[in-house]
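Reckoned from all heavy atoms, side chains included, excluding hydrogens, waters and symmetry mates.
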Amino acid sequence: MRRISFVIGILITLAMISAINAQTQPESAVEPEAPLKILFPKDKVFVSQKTVKIVGIVTDVSIQQVYIRVPGGVGDKAVSVVKNAFEATVNLQPGLNEIS
């Protein structure tokens, strides 16, 4: 009888610890939405032009300017944000271009 009481006591203790941990664990972090988004061109799109117009939106009203970068291109380009949107024409290199 003592063993059963001891085992039940341990199980109750473990259940209480588990309940306390569940209440104190932070909720899983949700990835915050990026403050800007490139709308055009879409990701992984194929273009045959030497230049492309970048169009995007900004959700953070404190951002007044964005920098567009195309590795291997002509360098970073500062673009003003107007009415939560931006656009710029950038030169592309032959092959894959990553716009950020």
Are Val90 and Ile57 joined in one hydrophobic group, where the rule is that I, L, V, M, F, W and Y side chains link up if heavy atoms are under 4.5 Å apart? no
Val55, Val47: one ILVMFWY side-chain cluster at the under-4.5 Å cut-off? yes
For the residue pair Ala78 and Tyr67, what are the closest heavy atoms and their distance? CB-CE2, 3.5 Å
Could you check Leu92 against Lys50 for side-chain contact (heavy atoms from CB on, under 4.5 Å), going step by step and ending with a plain yes or no? CA-CA 5 Å; Leu92 301 175; Lys50 292 183 180 186; 5.9 Å; no
Hey, could you give me the CD1/CZ distance between Ile54 and Arg69, rounded to the nearest 0.5 Å? 13.0 Å
To the nearest 0.5 angstrom, please state how far the CD atom of Gln49 sits from the OG1 atom of Thr89. 11.0 Å
According to side chain to side chain donor-acceptor pair (under 3.5 Å), who are the partners of Asp60, at least two apart in sequence or on a separate chain? Ser62
Compile the donor-acceptor pairs under 3.5 Å between side chains in residues 34-46 and protein atoms, sequence neighbours left out, one pair per line.
none

